J.: 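Below is a structure I'd like to ask you about.
Being a predicted model, the structure only gives us computed values, none of them experimental. FYI, side chains are in, hydrogens and waters are out, and symmetry mates aren't considered; it's all heavy atoms of this structure. Residue indices begin at 1 and follow the sequence shown.
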Amino acid sequence: MTEDCITYREFTPHPLLADYVKSYWYFSNESDTVHSFDIMPDGYFDLLISFKSGNIVDTQLTGIWSKMVSLDYLQGQIIGIRFKPLALYSLLDIRIKDILNNYCSLPLKAWGFNDEIIETKSDKSVLEVIKYIDESLLLLIKNEKEDIKLKYLFKQIGESSGITSIQSISNSVGLSARHINRKMNELIGISTKDYAKIVRFKDSLARIKKDKSDFIGYFDQSHFIKDFKKYTGFTPKEIDLGADVRFLQYYDFDNI
C-alpha cells in the first residue's frame, strides 16, 4: 500500500460536546485502487459522509465494533463523526443494537444536516464542514435528555479504562447490574461487561505502540495476549500499529 496517497486527520469537537463526540476525522484516498484497512474495536460508533469530486455519494452509520473488521475504501474522501455511546440516548435519541459489527445507510437530513450546505463548504475546506457539523450538534444540546446515572456509568468505565467492576459501578449509580446491562444492550447491542472489555482493549493499544510488553490493566500478560488475539486474531508482537497504514486509527502519519 502506498502511504503517500492516503490522508488521515482527526479534529477535536467543541468542549461542550466532549461527553458525546470523541473526534471528527477526515480520510482521503487519492489513488484509483482499492485500499483495505483493519478497524480496531474502540467502543465508539461513527457517522461517515463519503464524497467524490465534492459531492456527497453516501452516508453511513456504523455500530459498535466488538471485533476487528477489514474495510475496503475506493478513491474519494470521508468526513466522519466518532460518537461516544452516551450520544445515542442524550443527544441523538437513536439505538444501534441492530448494527453491531455492521453499518447502514442513513440520510443526513435524519441528523438535521443539510447536504447542500455540507457540499458547498467542502469546496472550501474540511474545516468548514467540521465547523458546520460542530455547530449543528451544539444546537442539539439544548434539547438534550439528561440521564445523570447513564452519564456516570460511561464516565466510570472510561476513566477506569474498563477496569472498575460493573458491580462497583452499579452500587455507585444506584442501579442494579441487571438494569444497567439491559440498558446497555438496548443502546449498543452488547453487555456492559463486554463494552468495558472493549474500552480496556482500546486503551491498551495506545500503550503497546510504545511497549508491546505493557499489559497494565490485565491480570497478567497471558490474559492480555488472550484478549488481544480475541479482538484482532493476532498477538501483540505480530502487529506494529504505528508502522502499518492498514491500522488507520493508529498509524503515525506524521512520520511519513
J.: With a 4.0 Å cut-off, would you call E10 and K22 a salt bridge?
T.: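 No, this pair does not count.
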J.: Under a plain distance cut-off of 3.5 Å, with no hydrogens placed, do Y24 and D134 share a side-chain donor-acceptor pair?
T.: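 Yes, side-chain donor-acceptor contact under 3.5 Å.
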J.: Does the side chain of K197 pick up a donor-acceptor pair with the side chain of Y231 at under 3.5 Å?
T.: no
J.: Checking S222 against D220: is there a side-chain donor and acceptor pair closer than 3.5 Å?
T.: yes
J.: With a 4.0 Å cut-off, would you call D227 and R200 a salt bridge?
T.: yes
J.: Which one of W65, Y103, W25 satisfies the side chain to side chain donor-acceptor pair (under 3.5 Å) criterion with D46?
T.: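 Answer to the side chain to side chain donor-acceptor pair (under 3.5 Å) test with D46 among W65, Y103, W25: W25.
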J.: Could you tell me whether the side chain of Y132 and the main chain of N114 form a donor-acceptor pair under 3.5 Å?
T.: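 Here the side-chain-to-backbone pair exists.
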J.: May I ask you to check whether W111 and F83 place their ring centres under 6.0 Å from each other?
T.: yes
J.: Does a donor on one side chain and an acceptor on the other come within less than 3.5 Å for D194 and S191?
T.: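 Checked: D194/S191 side chains pair up, N/O donor to acceptor below 3.5 Å.
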J.: Considering residues, nucleotides and ligands other than R182, do more than 12 of their heavy atoms fall under 6.0 Å from its CZ?
T.: yes
J.: Kindly state whether the ring of F228 and the ring of F201 have centres lying under 6.0 angstrom apart.
T.: yes
J.: Counting neighbours of NZ on K183 that are heavy atoms of other residues, nucleotides or ligands and sit closer than 6.0 Å, is the number greater than 12?
T.: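 Yes, NZ of K183 has more than 12 neighbouring heavy atoms, counting only those of other groups under 6.0 Å.
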J.: Count the heavy atoms of every other residue, nucleotide or ligand shown that sit under 6.0 Å from NZ of K230, and state whether that count exceeds 12.
T.: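 Yes, NZ of K230 has more than 12 neighbouring heavy atoms, counting only those of other groups under 6.0 Å.
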J.: Would you say the rings of F247 and F37 are close, in the sense that their centroids are separated by under 6.0 Å?
T.: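 Ring centres of F247 and F37 not closer than 6.0 Å.
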J.: Please report the shortest heavy-atom distance between Q156 and T164, naming the atom on each side.
T.: O-OG1, 4.4 Å
J.: Within the 3.5 Å criterion, strictly below it, is a donor on S122 or E119 matched to an acceptor on the partner's side chain?
T.: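 Side chains of S122 and E119: no pair found under 3.5 Å.
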J.: Taking the six-membered ring for Trp, are Y218 and F224 closer than 6.0 Å centroid to centroid?
T.: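 Yes, the ring centres sit under 6.0 Å apart.
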J.: Could you tell me whether Y26 atom OH has more than 12 heavy atoms of other residues or ligands within 6.0 Å of it?
T.: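 Enclosed: over 12 neighbouring heavy atoms sit under 6.0 Å from OH of Y26.
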